[in-house]
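All remarks here apply to the structure that follows.
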Amino acid sequence: MNQPELLAAADKAFIKNYRQQPIVLQRGAGCEVWDTAGTRYLDMTAGIAVCGLGHCHPTFTQRVSEQLGTLVHVSNLYFNEQQILAAKAITDRSFADRVFFCNSGAEANEGALKLARRYQAIVNNAPERTTIISTHGSFHGRSVATVSITGQPKYREGFGPLFGPIEFVTYGDLAAAAKLIETKTICAMILEPIQAEGGIVVAPPGYLAGLRELCDRTGTILIFDEVQTGMGRTGTWFGHEHDQVTPDVMTLAKGLGGGIPIGAVAASEKAAAGLAAQAGGAVPHASTFGGNPLACAAANAVFDIIEREGLLAKVASAGTYLGEKLEGLVRQFPGHVTEARGRGLLRGVAVSGAPAQVVARGRELGMLLSIAGDKVVRFAPPYIVSNAQIDEGIAILARVLSEGVGK
Ligand SMILES: Cc1ncc(COP(=O)(O)O)c(C=O)c1O
């Protein structure tokens with residue numbers, strides 16, 4: 001089928017929950033993808049902050065292909081080699097002592113919520129501590145529980161009754177969190193080190209450290225949702241490293257598998273007791289596909305390649321370069337581009353009008369971008385992006401803006 005025929009078939013075949021751009025992507029290499037009409041796009045989205053290694057990195061492709069021909073799935077009735085190595089890769093590089101594997105970011109956050117609830121109920125013997133604190137503007141996933149803790153009402157509409165009790169506080173407001181955390185029924189607080197889907201909002205200095213201190217003092221579980229900020233996206237393995245603060249639990253997905261679906265709950269020894277089976281008791285949490293050899297081989301390849309190719313340093317330097325260019329757009333288009341935000345290769349510019357129009361026009365001109373929140377055009381390119389590719393992307397965006405789009 002040609003591209004118009006494929007688009008017509010898509011129009012008939014899918015539940016219409018998404019609003020896809022009208023192109024059908026077919027292949028990719030590095031920071032470029034091509035659609036079925038042969039048009040090439042510069043990919044500044046990387047599957048929404050997923051493909052850190054770019055598309056079809058040769059070593060990644062070889063390692064995943066080898067695993068495909070070795071062992072794909074066995075369930076958690078047994079261990080498999082790749083999942084042990086992947087869990088060790090996470091614990092060797094982070095505060096975490098123990099890992100649970102699942103398949104997506106929402107599932108990882110579901111696991112973290114279950115861990116926190118059961119920790120308070122069974123390990124801490126405080127079953128009244130059930131309330132989850134989350135932040136306005138956050139995004140934690142689309143399952144019923146994770147949409148309930150997502151601080152953007154538009155994602156919750158029509159899905160009630162929701163999971164609760166939940167309390168939302170303003171992101172960055174330590175005093176507001178303190179007031180709640182010191183009440184007796186708080187189970188856990190969950191937040192992103194950078195609110196990504198909420199518009200690329202970086203935690204203000206001292207905020208994460210202040211929350212750490214409050215949670216330590218009150219026995220509250222501190223969960224960092226690193227689904228988007230983790231795995232090198234901000235120039236360190238995990239986003240919280242910039243603040244020199246560690247959580248009790250961290251959730252991962254997106255970049256962890258380089259494009260192969262995998263999620264993880266990573267926890268300190270103490271917090272991990274929340275999901276541990278008790279002698280003679282039922283398995284408290286599980287996933288059929290979680291920790292399967294194929295996804296874990298992908299994660300192991302991601303860890304190895306990021307290290308072998310020095311990609312954390314590359315993210316930091318490319319991120320600084322991109323950040324400077326985005327600041328340049330703020331100066332070039334005053335009142336139209338209102339702010340440049342972000343860290344590493346998770347960045348964006350706020351526009352005065354509709355960012356979706358900027359994304360659509362950018363795609364017409366050969367670049368893939370995504371929106372974050374109501375105002376921000378997001379750049380989350382592969383870690384291997386070159387300065388020349390950043391220049392190309394900025395030139396396209398400048399052209400879109402000079403046409404008055406997104407004003
Ligand atoms: C911070 C954060 N948490 C959770 C999720 C949900 O991840 P998934 O779509 O893999 O369920 C996302 C997705 O954008 C995210 O950015």
Side-chain angles (χ1 to χ4, degrees), residues 3 7 19-58 60-61 196 200 228 232-235 254-255 258-259 305-306 309 311 314-330 332-333 337 340-351 354-372 376-403 405-406:
Q3 189 149 288
L7 288 170
R19 272 198 215 97
Q20 292 97 336
Q21 303 274 317
I23 56 173
V24 182
L25 296 176
Q26 191 175 49
R27 71 188 168 87
C31 298
E32 299 172 303
V33 290
W34 286 263
D35 70 13
T36 47
T39 305
R40 172 255 187 202
Y41 301 88
L42 177 67
D43 188 1
M44 289 290 176
T45 294
I48 319 184
V50 166
C51 306
L53 308 179
H55 299 282
C56 304
H57 186 291
F60 180 78
T61 303
I200 324 269
Q228 193 147 166
R233 176 59 52 196
T234 69
K254 287 197 183 275
I305 295 166
I306 286 178
E309 298 189 3
L311 291 182
K314 175 77 175 52
V315 170
S317 62
T320 301
Y321 188 75
L322 174 60
E324 285 165 7
K325 296 284 166 183
L326 295 176
E327 291 289 354
L329 294 179
V330 178
Q332 199 182 337
F333 298 94
V337 178
R341 303 175 181 174
R343 182 175 273 159
L345 285 174
L346 180 58
R347 293 195 181 256
V349 282
V351 293
Q357 290 171 2
V358 176
V359 170
R361 183 66 183 135
R363 189 250 315 150
E364 284 171 6
L365 296 176
M367 172 167 62
L368 303 185
L369 293 167
S370 59
I371 60 173
V376 173
V377 178
R378 168 176 37 189
F379 282 74
Y383 305 164
I384 54 168
V385 68
S386 68
N387 285 2
Q389 286 166 324
I390 291 173
D391 289 343
E392 181 190 350
I394 293 294
I396 294 173
L397 181 55
R399 180 167 161 205
V400 172
L401 296 166
S402 66
E403 292 173 359
V405 179

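Taken from CG in Leu25 to OH in Tyr41, the straight-line distance is 7.0 Å, to the nearest 0.5 Å. Between Tyr321 atom OH and Asn387 atom CG the span is 5.0 Å, to the nearest 0.5 Å. Rounded to the nearest 0.5 Å, atoms CG (Leu326) and CD1 (Ile394) are 4.5 Å apart. Rounded to the nearest 0.5 angstrom, Leu322 CG and Leu346 CG are separated by 10.0 Å. In this structure, SG in Cys31 is found 12.0 Å from OH in Tyr383, a value given to the nearest 0.5 Å. Here the CE-CG distance, from Met44 to Leu397, works out to 10.0 Å after rounding to the nearest 0.5 Å.
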TODO: Start with the C-alpha gap between Glu309 and Leu53, add the side-chain angles, then the distance that decides, and say whether side-chain contact (heavy atoms from CB on, under 4.5 Å) holds.
DONE: CA-CA 10 Å; Glu309 298 189 3; Leu53 308 179; 5.9 Å; no

- [ ] Step by step, work out the side-chain contact (heavy atoms from CB on, under 4.5 Å) result for Val330 and Val337.
- [x] CA-CA 5 Å; Val330 178; Val337 178; 3.8 Å; yes

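For the side-chain contact (heavy atoms from CB on, under 4.5 Å) test, residues two or more places apart in sequence or in another chain that qualify with Ser386 are Ala388, Gln389. Scanning for side-chain hydrogen bond (donor to acceptor under 3.5 Å, both in side chains) contacts around Glu364 gives Arg361, with sequence neighbours left out. Considering only residues two or more places apart in sequence or on other chains, Ala316 meets the side-chain contact (heavy atoms from CB on, under 4.5 Å) condition with none of them. Looking at residues two or more places apart in sequence or on another chain, you find a salt bridge (charged side-chain N to carboxylate O under 4.0 Å, His left out) between Lys325 and Asp391. With sequence neighbours excluded, the residues forming a salt bridge (charged side-chain N to carboxylate O under 4.0 Å, His left out) with Arg40 are Glu32, Glu392, listed by chain and number. Scanning for side-chain contact (heavy atoms from CB on, under 4.5 Å) contacts around Gln26 gives Thr36, with sequence neighbours left out. The side-chain contact (heavy atoms from CB on, under 4.5 Å) check on Ser370 picks up Thr45, Arg378, with sequence neighbours excluded.
In terms of heavy-atom proximity, Val315 sits nearest to Gly232 at CG1-O, 3.4 Å. Nearest heavy-atom pair, Lys254 versus Val50, reported as atom, atom and distance to 0.1 Å: O-CG1, 3.6 Å. In terms of heavy atoms, Ser402 sits closest to Arg399 at OG-O, 2.7 Å. Residues Arg233 and Ala46 approach most closely at NH2-CB, 4.3 Å, considering heavy atoms. Minimum interatomic distance between Val376 and Arg341 (heavy atoms only, all atoms of both residues): CG2-NH1, 3.5 Å. Considering all non-hydrogen atoms of both residues, Gly406 and Val358 come closest at CA-CG2, 3.7 Å.
Looking only at side-chain heavy atoms (C-beta outward), Leu329 and Leu401 come within less than 4.5 Å of each other. For the pair Phe379/Leu345, no side-chain contact is recorded, criterion being any heavy-atom separation below 4.5 Å from C-beta on. By the 4.5 Å heavy-atom criterion applied to side chains, Gln3 and Pro22 are not counted as neighbours. Contact check for Ile23 versus Leu368: side-chain heavy atoms found under the 4.5 Å cut-off.
With a 6.0 Å radius and a threshold of 12 heavy atoms from other residues, nucleotides or ligands, Leu365 has its CG atom above the threshold.
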